[in-house]
Amino acid sequence: RNDVRQIAVQAQAGVKNGSPDDLHNLIDSKREWFDSGVMEASSELAAVESWLGMARQRQNPSQPPPAPPSPAPGTEDSAPAAPGSDAPVR
């Protein structure tokens with residue numbers, strides 16, 4: 001929290017120094033800091049969502065887990081193409 005409050009002070013110090021590199025370094029370091037925080041928060045949310053899914057499954061064990069979404073049309077593996085066609089075989 002104090003890091004966020006210090007951004008304005010650090011930016012003003014960079015302007016007073018007259019060095020654009022100081023401001024660029026400040027921006028880069030804060031971008032890394034925020035990106036790291038976003039990744040950590042996303043990871044924590046994924047863990048909670050996983051836990052909630054497991055808890056729901058334990059509450060109602062007779063209900064099967066939801067089916068995975070069906071693939072988009074044309075993306076499923078198919079039988080090999082007829083000889084002589086140029087269609088790729090998956």
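Both backbone and side-chain heavy atoms feed into the values below; hydrogens, waters and symmetry mates do not.
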Spatial distance of atom [atom1] ([X]) from atom [atom2] ([Y]) [nearest 0.5 Å]:
X	Y	atom1	atom2	value
Q10	N25	CD	CG	11.5 Å
I7	W33	CD1	CH2	6.5 Å
E44	E49	CD	CD	12.0 Å

Worksheet item: Do any N or O atoms from the side chain of S43 and from the backbone of M39 form a donor-acceptor pair under 3.5 angstrom?
Response: no

Worksheet, complete the sentence: Here the salt bridge (charged side-chain N to carboxylate O under 4.0 Å, His left out) pairs for residues 27-37, sequence neighbours left out, are D28-R31

Item to complete: Grab the two heavy atoms, one from N17 and one from D22, that are nearest each other, plus how far apart they are.
Response: ND2-OD2, 3.3 Å

Discussion item. Just to verify, what does L52 make a side-chain contact (heavy atoms from CB on, under 4.5 Å) with, not counting sequence neighbours?
Written reply: V48, R56

